**Student:** 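Take this structure, written in structure tokens, and hold onto it; I'll ask about it next.
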Amino acid sequence: MGKDTIANIITSIRNADMDRKGTVRILSNNITENIIKILVQEGFIENVRKNQEGNKNFFVLTLRHRRNRKGPYKANLNLKRISRPGLRIYSNYQKIPRILGGMGIVILSTSQGIMTDRQARLEKIGGEILCYIW
């Protein structure tokens, strides 16, 4: 059984958001770095720091939360893994799905690198659909 780094990123961010934790620590690699850059640009993550412990690098993410809210907690950040190691999902630029009518984003792995659905449509590039975020 192989490692699915994208699923690990998504799961750790989703779990920290549900537990109302302020920070998440994620192991650093190229895919992780590109996905985190997109999340920061789109405003889903507040801040990112890079830490090193021993010979391993980590990203420490600061999540956005609704502060001073009472009552039941609703998840602020929804992430869904689409393409996985057992089932790859590809799409051309014309058929990339729109999440909540354009309110959410789709993260794609293209020949030009990892990018959002808006960037892929502008550059007219299709690719593997990694995840949905709304």
Side-chain angles (χ1 to χ4, degrees):
M1 197 171 202
K3 295 180 184 177
D4 188 6
T5 58
I6 298 168
N8 291 340
I9 296 166
I10 290 171
T11 303
S12 60
I13 292 173
R14 185 186 314 121
N15 289 342
D17 186 51
M18 288 172 55
D19 287 345
R20 296 187 191 188
K21 292 192 177 180
T23 60
V24 180
R25 199 175 92 170
I26 297 175
L27 194 60
S28 172
N29 60 29
N30 290 337
I31 295 171
T32 305
E33 186 174 355
N34 292 330
I35 290 174
I36 290 172
K37 281 182 186 176
I38 290 173
L39 292 175
V40 170
Q41 288 172 356
E42 296 292 326
F44 292 108
I45 294 176
E46 199 170 306
N47 191 12
V48 178
R49 290 189 326 257
K50 195 168 192 177
N51 286 348
Q52 184 173 4
E53 291 180 11
N55 61 352
K56 293 187 178 185
N57 292 324
F58 293 95
F59 287 114
V60 179
L61 311 177
T62 305
L63 301 178
R64 291 191 183 274
H65 286 290
R66 299 180 301 165
R67 292 179 178 89
N68 301 326
R69 296 277 174 117
K70 294 183 179 176
Y73 180 70
K74 260 185 138 172
N76 192 21
L77 186 60
N78 294 308
L79 299 111
K80 183 176 182 184
R81 176 83 158 115
I82 302 302
S83 185
R84 56 186 203 266
L87 179 64
R88 304 289 186 182
I89 306 293
Y90 296 94
S91 176
N92 63 9
Y93 76 94
Q94 296 162 333
K95 294 184 180 179
I96 297 172
R98 293 185 192 272
I99 306 303
L100 295 177
M103 295 294 288
I105 63 169
V106 176
I107 296 181
L108 297 139
S109 176
T110 66
S111 59
Q112 302 294 318
I114 294 177
M115 62 179 64
T116 65
D117 55 335
R118 286 181 225 121
Q119 293 171 331
R121 284 189 196 98
L122 286 174
E123 296 183 19
K124 297 186 177 180
I125 299 173
E128 181 182 353
I129 299 174
L130 298 178
C131 61
Y132 298 156
I133 302 169
W134 70 96

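These numbers were taken from a predicted model, which means no experiment stands behind them.
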**Student:** How many angstroms lie between CD1 in Ile9 and CD1 in Ile26, if you round to the nearest 0.5 Å?
**Tutor:** 6.0 Å

**Student:** Report the C-alpha separation of Glu33 and Ile31 in whole Å, then their side-chain angles, then the decisive distance to 0.1 Å, and conclude whether the side-chain contact (heavy atoms from CB on, under 4.5 Å) test is met.
**Tutor:** CA-CA 5 Å; Glu33 186 174 355; Ile31 295 171; over 6 Å; no

**Student:** Carefully, step by step, assess Asn29 and Thr32 under the rule side-chain hydrogen bond (donor to acceptor under 3.5 Å, both in side chains).
**Tutor:** CA-CA 5 Å; Asn29 60 29; Thr32 305; 2.6 Å; yes

**Student:** First locate atom NZ of Lys21, then atom OG of Ser12, and finally report the distance between them rounded to the nearest 0.5 Å.
**Tutor:** 11.0 Å

**Student:** Could Arg25 and Phe58 be counted as a cation-pi pair, given that NZ or CZ must be under 6.0 Å from the ring centre and within 45° of the axis?
**Tutor:** yes

**Student:** So Lys37 and Leu39, do their side chains get closer than 4.5 Å, heavy atoms only?
**Tutor:** no

**Student:** If you define the side chain from C-beta out and look only at heavy atoms, does anything of Ile125 sit under 4.5 Å from Ser111?
**Tutor:** yes

**Student:** Mind checking the CD1-CD1 spacing from Ile10 to Ile107? Nearest 0.5 Å is all I need.
**Tutor:** 7.5 Å

**Student:** Would you mind reporting whether Asn78 and Ile133 have side-chain heavy atoms less than 4.5 Å apart?
**Tutor:** no

**Student:** Run the salt-bridge test on Asp17 and Arg64 with the 4.0 Å N-O cut-off and return the result as yes or no.
**Tutor:** no

**Student:** According to side-chain contact (heavy atoms from CB on, under 4.5 Å), who are the partners of Ile99, at least two apart in sequence or on a separate chain?
**Tutor:** Val106, Tyr132, Trp134

**Student:** Checking Leu63 against Thr23 for the side-chain contact (heavy atoms from CB on, under 4.5 Å) test, could you report, in this order, the C-alpha distance in whole Å, the side-chain angles of both residues, the deciding distance, and whether it holds?
**Tutor:** CA-CA 6 Å; Leu63 301 178; Thr23 60; over 6 Å; no

**Student:** side-chain contact (heavy atoms from CB on, under 4.5 Å), that's the test. Do Leu122 and Gln119 meet it? Break it down for me.
**Tutor:** CA-CA 5 Å; Leu122 286 174; Gln119 293 171 331; 5.7 Å; no

**Student:** Rounded to the nearest 0.5 Å, how far apart are CD1 of Ile6 and CZ of Arg84?
**Tutor:** 13.5 Å

**Student:** Between atom CD1 of Ile36 and atom CD of Gln41, what is the distance when rounded to the nearest 0.5 Å?
**Tutor:** 12.5 Å

**Student:** Decide if atom CZ of Arg98 counts as having more than 12 heavy atoms of other residues, nucleotides or ligands within a radius under 6.0 Å.
**Tutor:** no

**Student:** How about Leu77 and Ile13: do any of their side-chain heavy atoms sit closer than 4.5 Å?
**Tutor:** yes

**Student:** Using a strict threshold of under 4.0 Å (side-chain N to carboxylate O), is an ion pair present between Arg118 and Glu42?
**Tutor:** yes

**Student:** Evaluate Glu128 against Ser109 for side-chain hydrogen bond (donor to acceptor under 3.5 Å, both in side chains), listing each step before the verdict.
**Tutor:** CA-CA 5 Å; Glu128 181 182 353; Ser109 176; 4.9 Å; no

**Student:** Going from CG on Asn55 to CD on Glu53, what distance comes out if it is rounded to the nearest 0.5 angstrom?
**Tutor:** 10.5 Å

